[in-house]
Number of protein chains: 2
Amino acid sequence: MSGYFSDNINPVTVRTSEGVADIIRREILSGNLKPDQPLLERNLAQELGVSRTPVREALFALQGEGLVELVPRKYARVRKITPKDISQIYALRLVLEAHAAESAARYADSAAILEIETTLLRQKSLPKNCSAMEQANADLAFHAAISAASGSQILKTVSNQVLGITATLRSRFKYEPAQTKLAFNQHKAILAAIKERNPELAFARMSEHIQTSTDYAKGKVVIEES
Amino acid sequence: MSGYFSDNINPVTVRTSEGVADIIRREILSGNLKPDQPLLERNLAQELGVSRTPVREALFALQGEGLVELVPRKYARVRKITPKDISQIYALRLVLEAHAAESAARYADSAAILEIETTLLRQKSLPKNCSAMEQANADLAFHAAISAASGSQILKTVSNQVLGITATLRSRFKYEPAQTKLAFNQHKAILAAIKERNPELAFARMSEHIQTSTDYAKGKVVIEES
DNA sequence: TGTGGTATACTGGTATACCAAAAGCATGAG
DNA sequence: CTCATGCTTTTGGTATACCAGTATACCACA
C-alpha cells in the first residue's frame with residue numbers, strides 16, 4: 001500500500017502529539033482514512049516522521065473524541081458508523097443542538113453572534129461547484145458556532161464531539177442544490193431567532209433543521225464498499 | 001508529601017494503562033484526589049509501581065472523560081468544577097437523561113429493565129448511616145442503567161461522561177434523609193414509566209428528578225478550601 | 001536591602017529498546 | 001488435497017533514556 005496520507009503534508013509541522021492528532025483527525029474527516037481501516041502505529045509514525053510515542057498519544061486522544069476505536073492488543077482503527085448508529089447520533093444531535101440554540105438565544109454575547117454571522121457569510125460565498133467536504137465544513141462551522149455561543153463549555157465540548165463523528169459521514173454526502181439552499185435558509189432563521197432573544201423559537205427551528213438533515217442524511221449517505 | 005492514594009491499593013492489580021486509569025478515576029471520584037491537585041507523572045508511576053508510559057496514557061484517557069485537565073509542558077491536574085460549571089453541567093444532564101429515559105421507555109429490553117430494577121434494590125438496601133460516596137455510587141448506577149437501557153451507544157457514552165463529572169462533586173454532598181427518600185421515589189416513578197412504555201411520562205419524570213437534584217446540589221455542595 | 005539575572009533542578013515531551021501476545025504462513029501428517 | 005500445528009513475523013504494551021521548556025532559588029550587584 002502506498003501510504004496513509006495525502007501527499008501535501010508538511011513534515012515540519014509535525015512536532016507534537018497534538019499535531020499528529022490534528023493530521024489524523026483531518027484525514028479521517030476528509031475520508032482519506034476510511035472506516036474500519038487499521039491504523040498501525042509504526043506505519044503512522046514512519047510516515048509522519050515521528051516516533052510511536054506521540055502517535056499513540058494522538059490515538060488515545062482521538063479515541064476520546066470518538067473518531068478512533070482502540071482494540072487492545074490488536075490495533076487502532078477508524079471508527080465505523082453503522083446505519084443504526086446514524087439515527088442514534090442524529091437523535092442525540094437533535095437534543096444537544098436544540099438545547100444549544102436555546103441557550104445561545106439566552107446567553108450569547110455580541111461577539112458570539114458575530115461569529116455565527118461570519119460562518120453564514122462563509123457558507124453563502126461558497127462556489128456552486130465546491131466539494132462535498134467544503135460544504136460539510138461550512139455547515140460544521142455554523143453548528144460549532146452555535147454551541148460555542150451557548151456559553152456552556154461542557155455543552156460545547158460534548159456537542160462538537162458528536163458533531164465530529166457525523167462529519168466522518170458528511171464528506172461522502174451527495175449535496176443537492178435544493179437541499180443546500182434549504183439548509184442555508186434554516187441557518188438564517190435560527191440566527192434570527194437567537195438575535196431576537198427568543199429561546200423557544202431558536203429551539204424549535206434548530207430541532208426542525210436537524211430533523212431535516214436527519215431525513216436527508218438517511219437517504220443520501222453513500223455507503224462505500226471497502 | 002505522603003502520597004496520592006489511599007493505602008488499600010493492591011499494586012498487583014496494576015498491569016495496564018487501563019488499570020492505572022481505573023485507579024486514578026476512582027481516587028478522583030472518591031474525593032481523595034482534590035480539584036486542581038497536580039498529578040505528576042513520576043510520582044504517580046512510582047506509587048503505582050509502573051513506568052511513566054501507562055500513567056501518561058491513563059491521563060490522556062481521563063482527559064477525554066473530562067476528569068483531568070492536561071496543561072501542556074506543565075502538568076496534569078484534577079479538573080476543577082466551578083460553581084458556574086455546575087448549572088451548565090446539570091442543565092446538560094437534564095437534556096441528556098430526559099432523552100435517555102424517553103428512549104429507554106421506547107426501546108429497553110427486559111434485561112436492561114431488570115438491570116435498572118437491580119440498581120434500585122441496591123439503593124433501597126443501603127444502610128441508613130452509609131457514606132456519601134456509597135449513596136452517590138448507588139444513584140450513579142441507576143442513572144447509568146437508564147442511559148444503557150436507551151439502546152443508544154453514543155448516548156450512553158456521552159451521558160456517562162457528563163454523569164462522571166458530576167460525581168466528582170457528589171462525594172462531598174451532605175445527603176439528608178428527606179432528600180434521599182424523595183430521590184428514591186422519583187427513581188421508582190421513572191422506572192414505572194419505562195415499564196409502562198410511556199416515553200413522554202418517562203421524559204417528564206426524569207426532567208423533574210434532575211431538576212430536583214439540581215436545586216438540591218446547588219444548595220448542598222460543600223466547597224472545600226484547598 | 002531590594003532587584004534582577006543566572007544556574008540548577010524538576011517536569012513534561014519524545015525517541016528507542018525490549019517484551020509478550022496475536023496473526024499469518026509454511027510445512028507435514030492424515 | 002485438506003487441515004492442524006508450530007514457527008516466524010508483526011503488532012501493541014511497557015520501560016527507560018534523553019531532550020527541552022519552566023520555575024525557582026540563590027547570588028551578585030546596585
Side-chain angles (χ1 to χ4, degrees), chain A residues 1-5 9-25 28 33-34 36-65 67-80 226, chain B residues 1-5 9-25 28 33-34 36-65 67-80 226:
Chain A
M1 102 113 91
S2 67
Y4 285 110
F5 300 114
I9 290 176
N10 184 354
V12 182
T13 64
V14 178
R15 276 281 169 250
T16 145
S17 61
E18 286 183 19
V20 173
D22 289 342
I23 293 176
I24 300 177
R25 186 186 302 110
I28 292 177
L33 293 173
K34 297 201 185 341
D36 267 351
Q37 176 165 358
L39 302 171
L40 303 184
E41 296 174 358
R42 284 173 175 82
N43 294 5
L44 291 168
Q46 187 179 5
E47 253 196 87
L48 297 172
V50 297
S51 80
R52 284 174 58 208
T53 309
V55 171
R56 297 197 94 231
E57 294 179 351
L59 292 176
F60 266 82
L62 291 169
Q63 179 188 43
E65 297 175 25
L67 293 179
V68 158
E69 187 178 4
L70 261 51
V71 185
R73 282 275 164 200
K74 287 187 73 178
Y75 48 65
R77 63 184 172 208
V78 180
R79 180 164 166 187
K80 167 109 169 227
S226 54
Chain B
M1 99 112 106
S2 64
Y4 285 110
F5 301 114
I9 290 175
N10 184 354
V12 182
T13 64
V14 178
R15 277 279 170 256
T16 145
S17 61
E18 287 183 19
V20 172
D22 289 341
I23 293 176
I24 299 178
R25 186 186 302 109
I28 291 177
L33 292 174
K34 298 201 184 341
D36 268 350
Q37 177 166 357
L39 302 172
L40 304 185
E41 297 174 0
R42 283 173 174 84
N43 294 3
L44 291 168
Q46 186 178 4
E47 254 195 84
L48 296 172
V50 297
S51 80
R52 283 174 58 208
T53 309
V55 171
R56 296 197 94 230
E57 293 179 351
L59 292 175
F60 265 82
L62 291 169
Q63 179 188 40
E65 296 175 26
L67 294 179
V68 158
E69 187 178 4
L70 262 50
V71 185
R73 284 275 166 202
K74 290 187 72 178
Y75 46 67
R77 63 184 172 207
V78 180
R79 180 165 163 186
K80 169 113 171 221
S226 54

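Order of the sequence lines sets the chain letters (A, B, ...), proteins ahead of strands, with each chain counted from 1.
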* To do: Report the distance from atom CD of A:E69 to atom P of D:dG12, rounded to the nearest whole Å.
  =>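 After rounding, the reported distance stands at 14 Å.
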
* To do: Could you state the atom-to-atom distance from CG of A:L44 to C1' of D:dG12 in whole Å?
  =>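 Atom CG in A:L44 sits about 13 Å away from atom C1' in D:dG12.
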
* Applying side-chain contact (heavy atoms from CB on, under 4.5 Å), name anything that partners A:A61, two or more places apart in sequence or on another chain. =>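 Only B:F60 meet the side-chain contact (heavy atoms from CB on, under 4.5 Å) criterion with A:A61.
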
* For A:E65, enumerate each residue passing the side-chain contact (heavy atoms from CB on, under 4.5 Å) test, keeping only those at least two apart in sequence or located in another chain. =>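 Partners of A:E65 under the side-chain contact (heavy atoms from CB on, under 4.5 Å) test: A:R25, A:L62, A:L67.
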
Give every pair of a protein N or O atom and an N or O atom of nucleotides 6-12 of chain C that lie under 3.5 Å apart, one pair per line with the distance.
{"residue": "C:dT11", "atom": "O3'", "partner": "B:K74", "partner atom": "O", "Å": "3.3"}
{"residue": "C:dG12", "atom": "OP2", "partner": "B:E41", "partner atom": "N", "Å": "3.4"}
{"residue": "C:dG12", "atom": "O3'", "partner": "B:R73", "partner atom": "N", "Å": "3.4"}
{"residue": "C:dG12", "atom": "N7", "partner": "B:R42", "partner atom": "NH1", "Å": "2.9"}
{"residue": "C:dG12", "atom": "O6", "partner": "B:R42", "partner atom": "NH2", "Å": "3.4"}
{"residue": "C:dG12", "atom": "N2", "partner": "B:R73", "partner atom": "NH1", "Å": "3.2"}

* Asked: Quick one: salt bridge (Lys or Arg N to Asp or Glu O under 4.0 Å) partners of B:K74, sequence neighbours excluded?
  ->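 Listed in chain order: nothing, the list is empty.
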
* With sequence neighbours excluded, tell me which residues meet salt bridge (Lys or Arg N to Asp or Glu O under 4.0 Å) with A:E41. =>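 With neighbours one apart ignored, the set is A:R52, A:R56.
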
* Look at A:R77 together with A:E69 and state whether they make a salt bridge at an N to O cut-off of under 4.0 Å. =>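 Salt bridge between A:R77 and A:E69, a charged N being under 4.0 Å from a carboxylate O: yes.
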
